[in-house]
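For the numbers below, each heavy atom of this structure counts, side chains included, while hydrogens, waters and symmetry mates do not. So you know, we letter chains A, B, ... as the sequences are listed, proteins then strands, and number each from 1.
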There are 6 protein chains.
Amino acid sequence: MPTTAIYAGSFDPITRGHEDLIQRSCEFVDRLVVAVADNSAKKPLFSPDERVDLIRRAVGDDPCVEVMQFRGLLVTFAREVGASLIIRGLRAVSDFEYEFQMALMNRNLSPGLETVFMVPSVETTYISSSIIREIAQFGGSLEGLVHPSVAQALVEKYKIGNAGR
Amino acid sequence: MPTTAIYAGSFDPITRGHEDLIQRSCEFVDRLVVAVADNSAKKPLFSPDERVDLIRRAVGDDPCVEVMQFRGLLVTFAREVGASLIIRGLRAVSDFEYEFQMALMNRNLSPGLETVFMVPSVETTYISSSIIREIAQFGGSLEGLVHPSVAQALVEKYKIGNAGR
Amino acid sequence: MPTTAIYAGSFDPITRGHEDLIQRSCEFVDRLVVAVADNSAKKPLFSPDERVDLIRRAVGDDPCVEVMQFRGLLVTFAREVGASLIIRGLRAVSDFEYEFQMALMNRNLSPGLETVFMVPSVETTYISSSIIREIAQFGGSLEGLVHPSVAQALVEKYKIGNAGR
Amino acid sequence: MPTTAIYAGSFDPITRGHEDLIQRSCEFVDRLVVAVADNSAKKPLFSPDERVDLIRRAVGDDPCVEVMQFRGLLVTFAREVGASLIIRGLRAVSDFEYEFQMALMNRNLSPGLETVFMVPSVETTYISSSIIREIAQFGGSLEGLVHPSVAQALVEKYKIGNAGR
Amino acid sequence: MPTTAIYAGSFDPITRGHEDLIQRSCEFVDRLVVAVADNSAKKPLFSPDERVDLIRRAVGDDPCVEVMQFRGLLVTFAREVGASLIIRGLRAVSDFEYEFQMALMNRNLSPGLETVFMVPSVETTYISSSIIREIAQFGGSLEGLVHPSVAQALVEKYKIGNAGR
Amino acid sequence: MPTTAIYAGSFDPITRGHEDLIQRSCEFVDRLVVAVADNSAKKPLFSPDERVDLIRRAVGDDPCVEVMQFRGLLVTFAREVGASLIIRGLRAVSDFEYEFQMALMNRNLSPGLETVFMVPSVETTYISSSIIREIAQFGGSLEGLVHPSVAQALVEKYKIGNAGR
């Protein structure tokens, strides 16, 4: 049977760690929906449209990948796109605990929906979107941490941000 | 593409937790090889043949599942059976750490081979083969913890063991 | 000696997990003060009065349980109500660490006051007030996760909240 | 109602950490059964009789405390002595995980039996029986780590052990 | 070679735990730069100048210690002051994970810069600046938790704060 | 002051992870004693002499490094060689907990002796001596995991071991 999986997150912005997981997932699923959470309460740096656009640039035109926005519960969106798998990256024990709890809750809310966890490549274990934003804000080098398009978007975002202060 | 996954362990003996994971895996893989580690250094309670037999009884004739024995490195065996996925259950943080390390090492040894982690059903989180053996040894109730065939095999094993002392 | 214990939290709102712990505690303490923290800085969904009311509805008229509000340090309030035990639920390792630190600090601040930790029932391990609020906000099913009165209060709260936007 | 609790372990030998927990438990239970596991498979340094004797010397004649040996499942023994509570010390996250699993399993095996966890005093967090044995074996100072009777028993045990080699 | 190390944080305010680590570090480094992060986004209780002043009072005139403010990336500041070591305190597993990730990222950003972790004295493991602020806010005793100058500064800060409400 | 540090372990055998930590330590200590624990109870694969020899081959003639064997308590040996620092590698949370406990105990046994923890390079996080032995036993590739001399010693050791069965 063809499998549709969902890989959800803020992607504010997408990092090399996310890209790595997307590629690995496409090795065993037929269709991967990268789902950008439109959670305005978190006050993201990039708008949902910008985040979708950056993911598309970083991932390229892999036929396995589809990038979409969503609001509300992940399980509802998963059902809408016909996904039977949720894919999550695990970098650390603290990730694991919250993820574990969410996996159990999502299974309770939508019994047929399974969560699988994957380990990112070692080179990307220390990369997170929040660390990336902090480095960009203070002008540190982003080489190897994000796609060149993302690096440029970050530079522009903080240039405007600093000018506007 | 049809996906073959491998689910390896001692299965000494198979528990309801293992059964749960086997069923969940078959929802998104086409073929699941349950691989019984023939590790005599660990002095298992059941012989590899007995463990394979108990798994077959517990799992029944699910066409998705194949039960095999293996010796040596898991990555070598995975390659032999054509598996591209290793499936592991995660119950606790301490599991997670060792598993994380093994997943990275296995990827290093066999780059195309991916590991995915799954969460067992909450009802089985506290079941492990070693706790099962301890309960059986002292005559505690195994109801709901293992398949009836496994419960009976445990009773017989410890009856003989106690008689032989 | 009759033992008074205190079980403090935000209870925003009370979940089936909290109810489970309250019942278990009453098996070995004589009086349990459920203490609702009036912490306006956290911007709770329900007012302290509403939270006390929902706990009373969920718990019913168990003579062991008393529901109260408090402000300030837990150790001060514990002394005021004559409690010698603090009861805490542990669901995850990350809970544990913070709780461990607080237990040591509370013992330092009030030497006779002991903290004991309990494990909730497996069916409630993945339930937290914040996940409950998120599910309610997006119209997911709350069945089995909270008391019917709490479910109804959540529905009304978010109806008003959405209307007011 | 008068509460009987059980505090089980190898106590090979009893440390200041164990003594601390015994004293703290007696603040809120009426009777505490200190249960020495007679687990010959673990090849303890002290015999069960010696371990019971050392606990009695270390604890003194506290009317709250009763020291007993047991074999088999803890839940069975708890029922025999009329205990409704199992008391466990938590020093570290790794303790916590195994303890959590055992608490859930014991509740499954004996529904009325509750487990509560306590935090030892900070001064004893790094003391464990295995570290104590290692220090004693190589003639390190045991002051403040174990009761003087235990220190002497360790010195004698290793003197004999070394002479016998 | 003389070693310069950096010990960075919010120090809002400095606790006995921080003091303990500063003293231990000076046993093996020649110069320790205590670096106060000027992170206005976190809305600290004390201004950067006040925090520097309190550290100076608490640490006294130890020739090993230098107290400075910094903004931006720690690795940039470390380079500016000629530090080859970053010193971090580890109290808990949850600290460890974030710290681990930051150590790897900082090494990536500045290859010659090493991070070493130290364990505070057991008496200070449960002390954190946030717990200190909470105790001070509600008038709890700060004895043994912070330097007397810090205790006084906290009392004055919250007196003003409460008056201004 | 010139600093002597000690880096102790089984080194059965030394891995690229150990080598990495030795090099990093020599950046900030003047003399590093690599201390091979002669713990026959653990039934190591290589004799203490072989392990010392393999470390010397892997490390080369770095004037900072000295390789020695020791028996008994690490704190006693540290005092004998004039070390004021113990260096430990941290790969995982489970490492951390035991290490934390040992650091506190060693400080209790020898107050002037400090423990610092370091993070290995990401490329070596998943390498441990026990995984190396397992890979070698079953003929997996050791490239990049250990020094060539160690790889050869492992091959010979298992050739003899297999022949002798």
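Nearest heavy-atom pair, D:Ala103 versus C:Val119, reported as atom, atom and distance to 0.1 Å: CB-CG2, 4.1 Å. The minimum heavy-atom distance between D:Thr3 and C:Phe28, with the atom names listed, is OG1-O, 4.0 Å.
C:Glu114 places none of its side-chain heavy atoms less than 4.5 Å from the side chain of D:Glu27.
Within the 4.5 angstrom heavy-atom criterion, only backbone atoms of D:Thr115 (N, CA, C, O) approach chain C.
Interface check for chain D: of the options C:Arg107, C:Met118, C:Arg88, the most heavy-atom pairs under 4.5 Å are formed by C:Arg107.
Heavy atoms from other residues, nucleotides or ligands lying under 6.0 Å from CD of C:Gln69 number more than 12.
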